[in-house]
Amino acid sequence: GNKDKEASGNKEEKKEITVGFGVGTYEDQFRNGILPILEEKGYKVNIKTFSQNMQVNPAMDEGSIDASIFQSTAYMEGINEEQNMNMTGIAFVPTAPQGLYSTRHASLDEVQDGTTVAFPNDPVNQERAARILEELGWIKVNEDAGTVDFNINSIKPGKYDIDVKVLDPAQILVSLDDVDFGVVNGNYIANAGRKITEALKIENTPEQHRIIVSINQENEDSQWAKDLKAAYESQEFEAYIKGEDKYDGFIMPEAWENN
Amino acid sequence: MIELKNITKVYKRKNTSITALKNVDLKIEKGEIFGVIGYSGAGKSTLIRLVNYLEKPTEGQVIIEGTDLSSYTTNQLREKKKDIGMIFQHFNLLESKTVFDNVALPLVLSKRKKQEINERVNELLSFVGLEDKAKNYPNELSGGQKQRVGIARALASNPSILLCDEATSALDPQTTDSILNLLKKINEEYNITMLIITHEMDVVKQICHKVAVMEKGEIIEQGPVIELFGNPQHPTTKSFVRTVIKNEIPNRVKQAIKTGENHRLLRLDFMNQSTSEPVINEMIESIGVKINILYANTTEIQEALLVTMIVQLEAEALQLDEAVRFLEKNHVVVKEVRSS
Amino acid sequence: MIELKNITKVYKRKNTSITALKNVDLKIEKGEIFGVIGYSGAGKSTLIRLVNYLEKPTEGQVIIEGTDLSSYTTNQLREKKKDIGMIFQHFNLLESKTVFDNVALPLVLSKRKKQEINERVNELLSFVGLEDKAKNYPNELSGGQKQRVGIARALASNPSILLCDEATSALDPQTTDSILNLLKKINEEYNITMLIITHEMDVVKQICHKVAVMEKGEIIEQGPVIELFGNPQHPTTKSFVRTVIKNEIPNRVKQAIKTGENHRLLRLDFMNQSTSEPVINEMIESIGVKINILYANTTEIQEALLVTMIVQLEAEALQLDEAVRFLEKNHVVVKEVRSS
Amino acid sequence: MISTSITSDQFMLAIYQTIHMVSISLLLGSIIGIPLAVLLVVTKPGGVIENKWIYGILNPIINIIRSVPFIILLVAIIPFTKLIVGTSIGTSAAIVPLTIYIAPYIGRLVENSLLEVNPGIIEAAEAMGATPYQIIRYFLLPEAYGSLILSITTATIGLIGATAMAGAVGAGGIGDLAIVYGYQRFDTFVVVSTVIVLVIFVQGIQSLGNVLARKARRN
Amino acid sequence: MISTSITSDQFMLAIYQTIHMVSISLLLGSIIGIPLAVLLVVTKPGGVIENKWIYGILNPIINIIRSVPFIILLVAIIPFTKLIVGTSIGTSAAIVPLTIYIAPYIGRLVENSLLEVNPGIIEAAEAMGATPYQIIRYFLLPEAYGSLILSITTATIGLIGATAMAGAVGAGGIGDLAIVYGYQRFDTFVVVSTVIVLVIFVQGIQSLGNVLARKARRN
Ligand SMILES: Nc1ncnc2c1ncn2[C@@H]1O[C@H](COP(=O)(O)OP(=O)(O)OP(=O)(O)O)[C@@H](O)[C@H]1O
Ligand SMILES: Nc1ncnc2c1ncn2[C@@H]1O[C@H](COP(=O)(O)OP(=O)(O)OP(=O)(O)O)[C@@H](O)[C@H]1O
Ligand SMILES: [Mg+2]
Ligand SMILES: [Mg+2]
């Protein structure tokens, strides 16, 4: 259900929007790159940060936020189905790819049976991690593996019998010394002041796993949604992102190619 | 009127059980001051705690003013309890409240006006001699001061029954006296019924009308104080009475005792009218015996007097017999005493 | 030997302060049983708590066996305390331990052997009459039973100094007697020094060698018991003594008093040898006065006897004077009594 | 220069949010928790108004709520939260689960305090014919006051810990700042500064509690 | 049929992990926390071995540890955890932060219990010349025993709550199962079943605590 009173009431005039963020660097990008553009256009923007990604969509559902920047298309669609919502993505944002990192090993060749690999515990990131190892052939992923409810029971040994350690995503980088390899989300790498290019293997991020700006579909035609989309696709924003070292290795939106 | 009917009280523990009271029957008339004495552990505190149902009897009935307490609803019981003041053996004062507030509690519970509470509490405190401690907390008081707070608290709401469990055991004789006089006055003025547990025979002597003696959970003897003191039957009662009415010959006296045919060692008990007549003088004059008073003691039991003497008479055998007859004729109770 | 030198103790509260002891000087010889009496709140408990430094004096010194307690290290003080037993006014028993374990505590602290502890505790419990309560917990005991546990505990480690704060106040006279006899025996056998706080004059009478009277934090009078009792100086002391040695004329007696030229109302105090001589008889025979004994009281203070009589003499004025001279010659203290 | 990603405004806002959440949910939690504790103590076997039913229901309810991890509780009661405050996110919304979380906790701690009251006092109350309400108001609570203060102190500090997790629903607060910026973004400055603020909070509350309790205990 | 994504093996493992974490960190936490509480009580102003320094240092240390949100604590002490158990992840690694988290908490609760001991008892101990150690062992602890049991019970239940968060370092456990599978993956069956297990745990611990405490209190 959708209870967005404000948005449906006066679509044209709405000049105050609330944007929700979960775990990630996307709030930083927004504050420094997007906010100035929107404020320029006369918007008043409230930023709501959730320490758990899980809570962002319910907030959208009840109309407490107008837009969110934290999830992938795949996850959003899963939620649309699971929670009976109707969200849509309006723009891609510069996305940090996952990567396979190690402090113990210099090469992926050192893998063997019993090698420990740290996986994030949330379903979306966990699936992405599984796909990386699947691509390397280390493991196999069941056909029927879910998206919003992906879990390690969907993993079968491939070339190796990998010992998967499930950790909090933020914890993996911290505990990298204690596993052979760890799949770390790019945003943590960026926050830790390291380079995504240090990864032994970077995810070939499929489009459906790239981070999007999501809103309720009914707002797609509103002026603020258009302005938000435009901000993410603007030259100004591109210039800001490209000017920051920490976004090296991020997957940039295709829309910028038109800039 | 308080009546205990065939009360038995058993405390159960895991594997053993202790019978604290056994077939206790007791009747206290309205306005009576009833004392209970007995050795430590005899069941006195248990008995008094039954009267306001702090402890429920295992068997038997507690009847107050004609109603069995077990027939009351909880609310009725509470109302009844407001009319029964209790002084605890261990004081049970609230550590978190000042002396004033402790005494005021029963009045606060009865929702009296502030003004009235103030007056009443100050009156009581000045009575128990603690005006200057009104703002102190119990842990700043001496033992006797705590007990006096407990007494003031129990009296605060002018109860018509007062239960005192060792109410003066922590008090010096003067303070005890003044408290007892107060109790006596209250008893006379307001016709309050009082049940007084004590081990101080002086207390019984001074204010009790009747007394019961307990031993191992049973009442072994009861009756008016003067009768029980004057003529105790049970060995335990005798032993209690002996502590106020001494009738043993002190060692020093024994050394002075002469024995032989012409000597007789007698215990003389003077009661009532015989105490005020010059009986001994008359005996000496009319019969011509020689008398040596070895020991003499007067006990006041409320308004009555009990005088006990141990005397040695010296005379011819016939005269001695005559002397005894003379004494007995003058209402003196005479008993032969063995000197060893 | 215990010596208190010029002790002052002040309890401070936020804005007021209470001087519980003021310039107290006291000396207790080794093996002495020293009693302290005084009204409730006089400072007796405060005084006794100074002796084992539960309370430190605000001013002055506490000297035990020649050493000022303040000069001891904490460890030395602890060792010293092991040698000082204390019976508390409020018992202070451990609710979580059985009677047996409570009494065993001082022995456990001194790391005695289990066997030895068992024997000693059982001996003490049977002494205080609580063998059958060994496995009970304090909340299952009567007031007097708790106090007896406290007594047994204080005696457990055979201390050479014993401090008793109202050690028998919750006990019936028989139990009190047996406890006092025990204390007396221990005192004689082991030469233990005892400081006994009490408000029961009977206790003082029965076992104390010396006694001090306290009032408002000061010692107002002290000396051997017999002297203090026989000849009290301070009004407070007099009032205490009066509670054991009654010398007021009971109301009932007053009614029998005849007045006039030929009558004289006298108070006679017999001490020592005069008590065992037939003084009165001889007076009647040799002088020919008529005597009516209105009141008599015998007090035993340990081995000594003190007899007080109030008598009415009837004779010619000259004879009356002669009678008084006769009595005084026979070591009787004679005082004129006003009848109203 | 210190490199950090948060602004001082964010920091001040977080402090305000924590104070807001803690004070209101502490107040509400106490309003629920203390009566709960009292009910437990008076209805327990042997209590002044012994009642197997009330005790038998309340006791497990407290245990059930206390069993649920806070984050699950937060989600589980979202419908209820919306009913009460109209939204499931933000500081006000967090107050609802925080209150539900802290109330049984306060209840348990206060229960422990009340159980320490000398049974003789309750006896005195009963002998005076005090009603259960009067026993609670004039005897039980005043006598347990010192210990009760310390229990509430302990609960308050636990509550501050819980507010850190309330960030899940966008409630903000100092603890959330620590987690979001410190933990998730490795911003050591934020960790250190937020922890310092929390320490000051906790130390302040504990000191206040100790002083009040010592006063109440009068020793 | 019930649709769930977890296996019964995972469930049993989680139960085992929770028991493992709770029992060991409770044990270690008590070993640290109880002496801590005792130290606080004996060194506090007016205590039997009053010591401004020890009290003045311990008291804020406890507050500092109690101030830090658990997840931050977990990360902050990773170097220490590795020193002790050699790794920063897994059940054993979680025990270190759990212990550090619970010890001061136990300390504070037990402190409150010890403060309730009748001062007359301590006086009796001092009059017997008991050493501080003896006062603690033979007087303070036995007299506080009932209340102490309840404090440990409360702490244990708090500890179960904390283990749910220990899942961050891959420690597993029932609470983590509830969060990771139930909460994050919308598996209602997991939520309900884990909460039931937690309730049984908590109810069991509380009942045991109550029984032991009532026995100790003898009423
Ligand atoms: N901790 C305290 N704080 C303040 N005043 C106190 C404290 N302890 C005792 N007092 C006061 O000191 C005085 C002496 O008290 P103490 O306990 O020594 O009396 P006592 O002679 O033993 O009396 P009792 O026979 O009633 O036990 C009393 O007035 C009492 O109120
Ligand atoms: N709660 C209880 N559990 C078990 N036994 C108890 C309990 N209360 C009292 N008793 C026992 O019952 C008996 C009577 O106790 P009670 O307190 O009535 O004695 P008392 O006559 O008041 O003695 P005292 O003069 O020493 O106060 C004692 O033997 C005591 O040990
Ligand atoms: Mg009794
Ligand atoms: Mg005293």
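Everything numeric here is computed off the predicted structure, so don't read it as measured data. Residue numbers start from 1 in every chain, and the chains themselves are labelled A, B, ... in the order their sequence lines are given, proteins ahead of strands.
Using a 30° and 60° split on the angle between ring planes, D/His20 and D/Tyr16 fall in the parallel class, below 30°.
Within the 4.5 angstrom heavy-atom criterion, no atom of D/Tyr145 approaches chain B. B/Leu94 touches chain D through backbone and side chain together, each having a heavy atom under 4.5 Å away. In this structure, the portion of B/Leu93 lying under 4.5 Å from any heavy atom of chain D is its backbone and not its side chain.
Looking only at heavy-atom pairs under 4.5 Å with chain D, the residue among B/His90, B/Arg153, B/Met86 that has the most is B/Arg153. Most heavy-atom pairs under 4.5 Å with chain B: of the set D/Ile49, D/Asn118, D/Ile122, D/Thr131, this distinction falls to D/Thr131. The most heavy-atom pairs under 4.5 Å with chain B, out of D/Ala127, D/Pro142, D/Ala144, D/Ala124, come from D/Ala127.
Nearest heavy-atom pair, D/Leu98 versus D/Ala166, reported as atom, atom and distance to 0.1 Å: CD1-CB, 4.4 Å.
Taking CZ of D/Arg66 as the start and CG of D/Leu73 as the end, the distance is 12.0 Å to the nearest 0.5 Å.
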**Residues D/Lys44, D/Glu111; criterion salt bridge (charged side-chain N to carboxylate O under 4.0 Å, His left out); working and verdict** = CA-CA 11 Å; D/Lys44 73 151 204 247; D/Glu111 181 196 9; over 6 Å; no
**Request:** Verify salt bridge (charged side-chain N to carboxylate O under 4.0 Å, His left out) between B/Lys80 and B/Glu65, making sure each step is shown before the conclusion.
**Result:** CA-CA 10 Å; B/Lys80 194 78 232 151; B/Glu65 277 145 25; 2.9 Å; yes
